[in-house]
Colleague: 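Before anything else, here's the structure in question.
Since the model is a prediction, treat every value here as computed from it, not as a measurement.
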Amino acid sequence: MASGIGNRREAMRKEHEMGCLFYYRTAAYFLNPVDFLSSPNLEKLRHEEDGVRPDNLPGAKPLMITALGSQFQITAVDTTSVFGDLDLDVHYTPNATQVAQLRDPPTARKQVTDAMTALLALHPELLEAFHGIWIHADNGTASLFSLELPMRQIVPDTLPPASGSISVPHS
């Protein structure tokens with residue numbers, strides 16, 4: 001029985017490595033409220049977290065993704081629950097053309113939605129792992145534009161219909 005659980009756990013980590021990484025980080029945050037404490041469970045969790053870290057996660061160098069001819073320099077990906085549900089918290093550095101586009105709200109929304117869509121195309125497992133994405137276009141320490149969208153509004157055609165939806169008959 002224990003080996004079956006281990007096999008399923010390993011398969012889940014391989015199939016959903018990026019989602020697992022952020023769930024491990026969240027669990028570690030709750031297990032380690034202060035930096036000077038440690039425990040065998042926390043060390044085991046950190047060891048498992050190290051095993052699922054995707055190679056293309058931004059860190060020392062940014063993750064470059066492309067959507068509709070635009071390239072996005074993703075500088076950080078983490079999680080946040082500032083809006084209630086667990087969301088991905090994504091930061092990118094726009095190039096000069098993208099900075100200019102961020103001055104127009106409809107164009108800015110399209111730009112950040114394109115970046116979200118490109119990230120989800122690279123890691124489709126994130127669609128079901130998180131409520132949404134909160135994305136920030138950063139210039140140095142300043143945020144030029146930010147937007148939070150539920151997954152259903154980012155890529156509406158790839159998700160099952162909402163439960164409890166109401167169908168309106170046509171007259």
Side-chain angles (χ1 to χ4, degrees), residues 7-29 45-102 104-162:
N7 291 340
R8 279 182 273 156
R9 190 176 196 171
E10 185 63 31
M12 178 65 95
R13 280 189 286 203
K14 286 179 182 176
E15 187 176 327
H16 301 284
E17 68 181 357
M18 193 166 204
C20 284
L21 172 72
F22 292 114
Y23 280 111
Y24 280 130
R25 283 186 181 176
T26 302
Y29 172 80
L45 184 69
R46 285 193 175 137
H47 177 71
E48 288 186 29
E49 178 184 327
D50 290 342
V52 297
R53 182 176 171 75
D55 295 334
N56 60 1
L57 193 67
K61 61 181 189 169
L63 167 64
M64 302 303 286
I65 57 175
T66 303
L68 302 173
S70 291
Q71 196 166 45
F72 297 94
Q73 182 177 309
I74 307 295
T75 56
V77 180
D78 209 339
T79 58
T80 182
S81 60
V82 73
F83 293 115
D85 293 322
L86 192 61
D87 289 332
L88 281 177
D89 189 23
V90 178
H91 291 258
Y92 77 98
T93 302
N95 61 33
T97 302
Q98 292 167 335
V99 167
Q101 292 171 345
L102 290 170
D104 175 52
T107 306
R109 181 183 174 95
K110 181 179 179 336
Q111 181 185 129
V112 298
T113 304
D114 288 349
M116 291 175 181
T117 303
L119 182 61
L120 292 173
L122 185 61
H123 291 284
E125 72 273 12
L126 299 175
L127 279 167
E128 294 181 21
F130 297 96
H131 167 262
I133 298 177
W134 189 15
I135 192 163
H136 310 266
D138 299 327
N139 189 3
T141 59
S143 180
L144 302 175
F145 188 87
S146 64
L147 180 68
E148 188 273 341
L149 286 175
M151 294 296 185
R152 188 171 306 284
Q153 292 181 22
I154 300 167
V155 190
D157 296 340
T158 62
L159 298 175

Colleague: Only counting residues at least two apart or in another chain, list the ones meeting side-chain contact (heavy atoms from CB on, under 4.5 Å) with T93.
Modeller: Q73, T75
Colleague: How long is the gap from CG on L120 to CD1 on I65, to the nearest 0.5 Å?
Modeller: 9.0 Å
Colleague: Rounded to the nearest 0.5 Å, what separation is found between the CG atom of L63 and the CG atom of L122?
Modeller: 6.0 Å
Colleague: Are the side chain of D138 and the backbone N or O of G140 linked by a donor-acceptor pair below 3.5 Å?
Modeller: no
Colleague: Under 4.5 Å between any side-chain heavy atoms of H91 and S143, yes or no?
Modeller: no
Colleague: As an exercise, state the distance from CG of D85 to OG1 of T80, rounded to the nearest 0.5 Å.
Modeller: 11.0 Å
Colleague: Hey, mind stepping through V82 and W134 against side chain to side chain contact (heavy atoms under 4.5 Å, CB included) and telling me if it holds?
Modeller: CA-CA 10 Å; V82 73; W134 189 15; 3.2 Å; yes
Colleague: Taking side chain as C-beta onward, heavy atoms only, is F130 less than 4.5 Å from M151?
Modeller: yes
Colleague: Check for a donor-acceptor pair, side chain of Q98 on one end and backbone N or O of N95 on the other, with a separation under 3.5 Å.
Modeller: yes
Colleague: Find the distance between CE (M116) and OH (Y92) and round it off to the nearest 0.5 Å.
Modeller: 9.0 Å
Colleague: Counting C-beta onward and ignoring hydrogens, is there a side-chain heavy-atom pair between P94 and L102 closer than 4.5 Å?
Modeller: yes
Colleague: Just so I know, are the side chains of Q71 and T66 near enough to count as touching, which here means a heavy-atom distance under 4.5 Å?
Modeller: yes
Colleague: Can you tell me if H136 and D89 form a side-chain donor-acceptor pair at under 3.5 Å?
Modeller: yes
Colleague: Please give me the minimum heavy-atom distance between H131 and D87, naming the atom from each residue.
Modeller: ND1-OD1, 2.9 Å
Colleague: Which distance, rounded to the nearest 0.5 Å, do you find between the CD1 of I74 and the NZ of K61?
Modeller: 15.0 Å
Colleague: Please name the pair of heavy atoms, one in L68 and one in K110, separated by the smallest distance, quoted to 0.1 Å.
Modeller: CD1-NZ, 3.5 Å
Colleague: How long is the gap from CZ on F145 to CG on D104, to the nearest 0.5 Å?
Modeller: 9.5 Å
Colleague: Assess whether side chain to side chain contact (heavy atoms under 4.5 Å, CB included) is satisfied between L149 and R109, documenting all intermediate values.
Modeller: CA-CA 10 Å; L149 286 175; R109 181 183 174 95; 3.6 Å; yes
